Amino acid sequence: MRAFPGGVVVHQKRRTDIRNIAIIAHVDHGKTTLVDALLKQTDSYDFKEGEETVMDSNALEKERGITIFSKNASLRYKDIQINIVDTPGHADFGSEVERILKMVDGVLLLVDAFEGPMPQTKFVLKKSLELHLKPILVVNKIDRPNARMHEVVNMTFDLFCELNASDEQLDFPIVFASGREGIATLNLDDEGKDLKPLLETIVHRVLPPIADPDLPFQMLVTMLDYDSYVGRIAIGRIFCGLVKVGETISLVKRDGAIEKGKVTKIFKYVGMKRVSAEQAQAGDIICITGIENVKVGETLASNENPQALPLLKIDEPTISMNFSHNSSPLSGKDGGRFLTSRHIRERLEHEAMMNVGIKVEEVENGERFKVSGRGELHLAILIETMRREGYEMEVSRPRVILKEIEGETLEPVEQLVVEVSPEYQGATIQELGSRKADMKNMQTTSVGSIRMEFLIPSRALMGFRNLFMNMTRGTGVMYHNFFEYQRFKGELPSRNEGVLISQNLGTAVAYALWGLQERGEIFVHPGEDLYEGMIIGVNNKGHDLVVNAIKEKKLTNMRASGSDEAIQLIPPREMTLEFALEFIEDDELVEITPKNIRLRKAYLTDNERKQSRRDR
């Protein structure tokens, strides 16, 4: 017997026909590809020709090649149902990882056979060890050139020790695999034929879930979904008891309040599909509809014993930005359907309800909204999603969230790992040094590149990625994730360049841009709509400059003695959301529409900007 969360004493009954596991890894170490291979191995999904990474079903995930949202799948092996959850590898989506690990009894830790453990490997492994989950180490991509399997295993063991893993957790099984080839082996001397060695390891090394169907029903809601037909969908694992369609159950809120609701539908996972079921019991990962006010982290329980399970602990946001409706002269001209503050408020409130890593606060009487998240990428994904849904908005420069503890100001610090060729090592160290980075480790990899590890203030990383890629001619690799809050490091250098600001409303002219491009990089194409206060390029002189980009060449009836100088434009920068958020300063905004991303000054006219500077 043991005390179960919620104060109930339970016998350790286990459901031997189920295994619940999560796949955790660093970005691009092959989680989703391995899930594909497992689904193929067990014939759990009907793959169409050329279809791959089926778990990354979101359009943004397919474009970026990373997992953003946690998703469930289920497969059967030897009459055992294996529920698999694919988790994001990026630390900005840590709230997804933390929730999902509450649903499982074991984890597959994927590590690249060449790269070894990376910063986000450490992040997700730390979360799983804190929950006392037993890991299975999967050394993936063993078919990769320069793979160093034994060295990677030793590096991973050292990481376990660094994270204070228990003796039981240190006794982890090791599987060598190639998700793309669909093979696995327990011994490198044996040739892999399929993924049966991995499936056997899951069955024998992952504990069956503790599940007593005779106890009162309790389910922790770890994810939410929404369907226009059935309404809000609560997703989670049943810890004890059973639930049936048509049954009235209790929703235990975070503040202890209890609401009643009727279960209208129950869905279980079969492969990648949700299949309707009449009932579900302890150990199952299911979806329930009919409970309208449910939120992530709350408990669904029986009416007879409405006891709450422990609330989910979610790391606090570290970055915030201001969102507001699009106030530029081009508002509504790019196909946007949702243009008002009311639209943006409703969408952000919906996001905060579904995504516990997001916090939304109203400022300036509801005209602006302060949105806080786990990092720039976390908020950038939200902005890109809203943009594709037809929203138009303006967003401010990301700001780190400072803390005041015992009269001392603390700021978020990140662990940064960069990998560069030896010729770029000095320039990289110099630039990071100016940003108050503290080097913790440096080593030469087996391919001759230099891998360096730093602790650096989160705000110092804003704008660094673009500079780093230019500095290393596109060859550098960088990863970072939140480390901890530390004492405020002091002021940091700001952007060195000024900007070119459009003087007029009109259409950009090639002749005018040709005359401006010697001042710095241009952001707009000829024929593009401009307005007063819009940022059209960089001024290398270091100060802002108002320019006329709609001026046409003066025509005369006199023939030139020689041929006129040909207009040769350098291709302008293709504006991306990531570059825009990193580039802008405090007095600038990013204008986001379904068709365009533009940069602008917060105050559009020159007189307004002068008045603002005087007021400061």
Side-chain angles (χ1 to χ4, degrees), residues 13-25 30-47 53-57 67 70-87 97 99-110 124 128 131 133-138 140 172-179 182-186 192-211 213 219-220 222-223 235-239 266-275 277 280-287:
K13 288 186 179 179
R14 294 186 181 271
R15 280 191 63 182
T16 57
D17 61 331
I18 283 185
R19 301 292 187 275
N20 294 323
I21 61 167
I23 298 188
I24 59 176
K31 298 186 303 297
T32 312
T33 304
L34 184 64
V35 174
D36 278 3
L38 289 169
L39 291 171
K40 289 177 183 176
Q41 175 82 43
T42 56
D43 295 324
S44 299
Y45 181 80
D46 184 18
F47 283 83
T53 59
V54 293
M55 290 284 270
D56 285 347
S57 53
T67 301
S70 298
K71 289 170 288 292
N72 301 341
S74 177
L75 52 90
R76 295 198 71 83
Y77 177 70
K78 291 185 174 180
D79 296 326
I80 293 176
Q81 179 177 328
I82 301 175
N83 294 318
I84 299 177
V85 187
D86 188 15
T87 62
V97 177
R99 287 186 280 162
I100 295 317
L101 293 179
K102 285 281 189 179
M103 294 168 37
V104 300
D105 302 288
V107 293
L108 297 184
L109 174 66
L110 259 69
V124 291
S128 64
L131 292 171
L133 298 175
K134 294 182 180 179
I136 297 172
L137 175 61
V138 180
N140 196 28
F172 53 84
I174 303 169
V175 181
F176 301 95
S178 169
I183 59 172
T185 179
L186 302 180
K193 298 177 182 178
D194 52 30
L195 288 174
K196 284 184 179 178
L198 176 57
L199 290 166
E200 289 287 343
T201 304
I202 292 172
V203 168
H204 291 104
R205 296 301 293 265
V206 176
L207 288 174
I210 296 174
M219 169 180 158
L220 183 66
T222 48
M223 290 190 288
I235 305 170
R237 169 180 163 181
I238 302 176
F239 280 87
I266 296 174
F267 297 98
K268 294 182 179 180
Y269 288 93
V270 176
M272 291 291 297
K273 297 179 181 178
R274 291 175 180 169
V275 177
Q281 62 175 319
D284 287 330
I285 294 176
I286 64 165
C287 310

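Here the structure is a predicted model, which means the values were calculated and not measured.
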Report task. Output the distance between atom CD1 (Ile202) and atom CD1 (Ile84), rounded to the nearest 0.5 Å. Result -> 6.0 Å
Report task. Find out whether Tyr269 and Cys287 are in side-chain contact, i.e. whether some heavy atom of one side chain is under 4.5 Å from a heavy atom of the other. Result -> yes
Query raised in the report: Is there side-chain contact between Arg19 and Pro208, with at least one heavy-atom pair below 4.5 Å?
Result: yes
Report summary line: To the nearest 0.5 Å, atom OG1 of Thr42 lies from atom CG of Asp194 at 11.5 Å
Report summary line: Closest non-hydrogen contact found for Thr222 with Gly236 is OG1-CA, 3.6 Å
**Report entry** Heavy-atom side-chain contact between Val206 and Val104 under 4.5 Å
**Finding:** no
Query raised in the report: How far apart are the closest heavy atoms of Gly179 and Leu34, and which atoms are they?
Result: CA-CD1, 3.9 Å
Query raised in the report: Do the side chains of Leu199 and Leu38 get nearer than 4.5 Å, heavy atoms only?
Result: yes
**Report entry** Over all atoms of both residues, closest heavy-atom pair of Arg14 and Leu207
**Finding:** NH1-CB, 3.9 Å
Query - Minimum heavy-atom distance between Ala282 and Pro213, given as atom pair plus value - result: CB-N, 4.4 Å
Query raised in the report: Could you state the interatomic distance from CG (Leu186) to NZ (Lys196), rounded to the nearest 0.5 Å?
Result: 13.5 Å
Report summary line: One should read off an interatomic distance between Phe172 CZ and Leu137 CG, to the nearest 0.5 angstrom, of 5.5 Å
Report task. Have a look at Ile23 and tell me which of Val85, Val107, Leu110, Val138 forms a side chain to side chain contact (heavy atoms under 4.5 Å, CB included) with it. Result -> Leu110
Query raised in the report: What distance separates Arg274 CZ from Ile286 CD1, expressed to the nearest 0.5 Å?
Result: 11.5 Å
**Report entry** Shortest non-hydrogen contact between Val175 and Ala184, atoms and distance
**Finding:** CG1-CB, 3.9 Å
Query raised in the report: Out of curiosity, Lys40 NZ to Leu195 CG, how far, rounded to the nearest 0.5 Å?
Result: 10.5 Å
**Report entry** Sub-4.5 Å side-chain heavy-atom contact between Asn83 and Arg237
**Finding:** no
Query raised in the report: So do Leu198 and Leu108 actually touch side chain to side chain, heavy atoms under 4.5 Å?
Result: yes
Query raised in the report: So does Arg15 pair up with Asp105, basic N to acidic O under 4.0 Å?
Result: no
Report task. Using a 4.5 Å cut-off on heavy atoms from C-beta on, say whether the side chain of Lys268 contacts that of Asp284. Result -> yes
